[in-house]
Structure formats: structure tokens, C-alpha cells
**Student:** 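Before we start, here is the structure in question, set down as C-alpha cells.
Note: hydrogens, waters and symmetry copies are ignored here, and every other heavy atom, side chains too, is used. Keep in mind that what you see is a predicted model, and the values were worked out from it rather than measured.
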Amino acid sequence: MTTPLPDAAPGNWVDRHAPGWLQPWLRLGRFDRPTGIWLLMLPGWQGIALAAAQHRQPPSPLLLLLFFLGAALMRAAGCAYNDIVDRDIDAKVARTAGRPIPAGQISVKQAWVFIALCCAASLAILLSFNRVAVIFGVASLALVAAYPFMKRITWWPQAWLGLTFNWGALLGYATAEGRLGWPALLLYASGVFWTLGYDTIYAVQDLEDDALAGVKSSARRLGTAAPRAVLGFYVAAFVLALAAAFTANLGPLFLPPAAIFGMMLARQAQQLRIDDPARALALFKSNTWAGLILFCALAAGLWMPLHA
């Protein structure tokens, strides 16, 4: 039997530095676990970089900053919403039983106020973008609202998370470009498979607890085939990222960091073990670097086109 992992790394910055009264609120928004902020933000950065590179320009620092702030706020709101919906399940899972709502540190009513404040701040950022981006930003709320229920009705909630977390690729591209195009759609599809892979890795941590709680996941469905399936998801993510770059006519400097991105994904699949939750968590967290490298690849693509 595997030992359950804590919901956040011991000694994280919230535990070390935040005032006691603020800690439950920061934990509610998962600010003690910043990997999720990066994984929500990076598709947006990638979409911005892709659109900018098509015009042989670097990505706008202001847009990158706004997407970082928006991702942090929306991820906090999404986590709080997820905890409201899942509070009974979380109480039965060792890794999540200490979260603020199941632990009784924050009430459901207080959590809804937290969500409203985060959404209001996010809306203020969204309204500074163009009309197309605003429409896409509002449309993402349907995906966010449905996500917590997916683990009850399908073995593939990780696929729905992919649709949700990578919406930023479309939003970032639309914000920078004012419209959508095939490069953005291919990048979005790449991100969906990327998330399907890394969130399957993440779900390996909860195999036993999810089975006891009756929660479905791709890791449970795949079982011992999970490493091979993750490799397949990652191959699709890599090929689609290449297709996005090709259709956007990016330059050859895209290729070296893109190759590193592909190698990092392959290494994750090769090292995944379904009986080693600690390794699964470490592999999952490495996707912050993988996504950042893909962003750098797309940004570097502004120099010289791949084809005439």
C-alpha cells in the first residue's frame, strides 16, 4: 500500500511566511501549490507568443503579465469552486482531507465570496482585451463550471481538464491577433493532449483513495498501461505543436527548444511508475519547465520562416 502524499509540499512559502489568518485563504486558492498557476498560464503565454511570432515580433510583456495575473486569479477561483463541489469526497481522501473547506477552516458561504472577488478581478483584466478575447474568456466559464462533475460521470476527467486549462491558448492568440486561426487551434489541441498526459501522471497519486471514494480518473482506467498511454498522449501533443508552428510559418529557431520539450515529455512517460506517487508528483511538477520551454520555442520562431 502506498503512503499518501500531503496536499502541498511541507515547508511551502504559505506555511513559512504567510500570517496565520491568511493561510487558509491562500490554501483555498492553492497558492501554496503554484504549479497549477503555471500550467494554466503557460498555454496563454504560448498563444501570445505564437501570434506574435507570425508577425516576426516578440510577445508583449504587458500581455504576458496580465495573463499571469488572470491565471492566478482564475485558478484560485476554480480551485475554490472545485473544493465546494468536492467537499464530501475530499474529506474521504487522505491527500485532500486537510483542505480548508473539508477541514472546517472556511465555510462554503465564505468560499463563494472568495470566488466572486477573484472572478471580479479577473473580469477587470479580461475587459481590457479586444472583443474576440472577451467572448472567448466568458465562454471558458462553461468548461470551468462542468469540470468538478466529470470525475463522477467519466473515466476521462483529465481530458476535460485539458479542454479547460488550455483554453488560454485560444484566448492568448485571440488577444494578440484579434481573431483565431489554424495555428491557434492546433496549439490548443496540442495542449489538450499535454494536459491529458500530465494530469494522468498527477492522478497516479490518488489511485487507492479514488477507488475507495468511487472517483473516476484516467489513471484508474488505464492501470498498468498508464505509462504507455501517457507516452501516446505526449507524442500527439508534440506532433500537434509542430503542426501549429508549421502552419504559422515560424522560423527554424523554434526547433531546438521544441526538441527539448519533446524529450522532456518522453522522459516523464519513461520514468512513470503507478506504484510510486512521489515520483508521479515530481514528474507532474516538471511540466512547468516543459511548458515554459515550448513558450520559448514559439517566441524564438519569429526569426526566419520554416518555409517560404
**Student:** Can you see which heavy atom on Leu265 is nearest to which on Ala290, and at what distance?
**Tutor:** CD2-CB, 4.2 Å
**Student:** According to a 4.5 Å side-chain heavy-atom criterion applied to Ile, Leu, Val, Met, Phe, Trp and Tyr, with indirect links allowed, do Val134 and Leu171 form part of one hydrophobic cluster?
**Tutor:** yes
**Student:** Would you call Asp86 and Lys151 a salt bridge, using N to O less than 4.0 angstrom?
**Tutor:** yes
**Student:** Following the transitive rule for hydrophobic clusters with a side-chain heavy-atom cut-off under 4.5 Å over Ile, Leu, Val, Met, Phe, Trp and Tyr, establish whether Leu240 and Leu163 coincide in one cluster.
**Tutor:** no
**Student:** Does Pro277 offer a backbone N or O that forms a donor-acceptor pair with the side chain of Gln205 under 3.5 Å?
**Tutor:** no
**Student:** Let's go through Asn166 and Thr195 carefully: what are the C-alpha distance in whole Å and the side-chain angles of both, what is the deciding distance for side chain to side chain donor-acceptor pair (under 3.5 Å) to 0.1 Å, and is it a yes or a no?
**Tutor:** CA-CA 8 Å; Asn166 292 281; Thr195 301; 2.7 Å; yes
**Student:** From the options Asn287, Thr288, Leu281, select the one residue that forms a side chain to side chain contact (heavy atoms under 4.5 Å, CB included) with Thr35.
**Tutor:** Thr288
**Student:** Hydrophobic clusters here meaning ILVMFWY residues chained together by side-chain heavy-atom distances under 4.5 Å, can you tell me if Leu196 and Val235 are in one?
**Tutor:** no
**Student:** Check the surroundings of atom CZ in Phe295: do more than 12 heavy atoms from other residues, nucleotides or ligands lie under 6.0 Å from it?
**Tutor:** yes
**Student:** Nearest 0.5 Å please: distance from the CD1 atom of Ile84 over to the CD atom of Gln110.
**Tutor:** 11.0 Å
**Student:** Are Phe193 and Phe261 joined in one hydrophobic group, where the rule is that I, L, V, M, F, W and Y side chains link up if heavy atoms are under 4.5 Å apart?
**Tutor:** no
**Student:** Looking at Tyr188 versus Trp167, is the centre-to-centre ring distance below 6.0 Å?
**Tutor:** yes
**Student:** For residues Leu126 and Ser122, determine if any side-chain heavy atom of one lies less than 4.5 Å from a side-chain heavy atom of the other.
**Tutor:** no
**Student:** Between CH2 of Trp38 and CZ of Phe68, what distance do you get to the nearest 0.5 Å?
**Tutor:** 6.5 Å
**Student:** Please name the pair of heavy atoms, one in Gln46 and one in Gly291, separated by the smallest distance, quoted to 0.1 Å.
**Tutor:** NE2-O, 3.0 Å
**Student:** In Å and rounded to the nearest 0.5 Å, what is the CG to CG distance from Leu180 to Leu185?
**Tutor:** 6.0 Å
**Student:** Do Asp276 and Arg273 meet the salt-bridge criterion of a basic N to acidic O distance under 4.0 Å?
**Tutor:** no
**Student:** Compute the centroid of each ring, for Tyr147 and then for Trp160, and state whether the two points are separated by less than 6.0 Å.
**Tutor:** no
**Student:** For Phe165 versus Gly36, what's the shortest heavy-atom pair and its separation?
**Tutor:** CE2-O, 3.7 Å
**Student:** I would like to know whether Gln268 and Ser286 meet side-chain contact (heavy atoms from CB on, under 4.5 Å); could you show each step before the answer?
**Tutor:** CA-CA 8 Å; Gln268 289 179 36; Ser286 71; 3.4 Å; yes
**Student:** Which heavy-atom pair separates Pro24 from Pro100 by the least distance, and what is that distance?
**Tutor:** O-CG, 3.3 Å
**Student:** If you look at every heavy atom in Leu28 and Cys79, which pair is closest and at what distance?
**Tutor:** O-CB, 3.7 Å
**Student:** Is there side-chain contact between Pro148 and Tyr81, with heavy atoms separated by less than 4.5 Å?
**Tutor:** yes
**Student:** Between Asp83 and Arg30, is the closest basic N to carboxylate O distance under 4.0 Å?
**Tutor:** yes
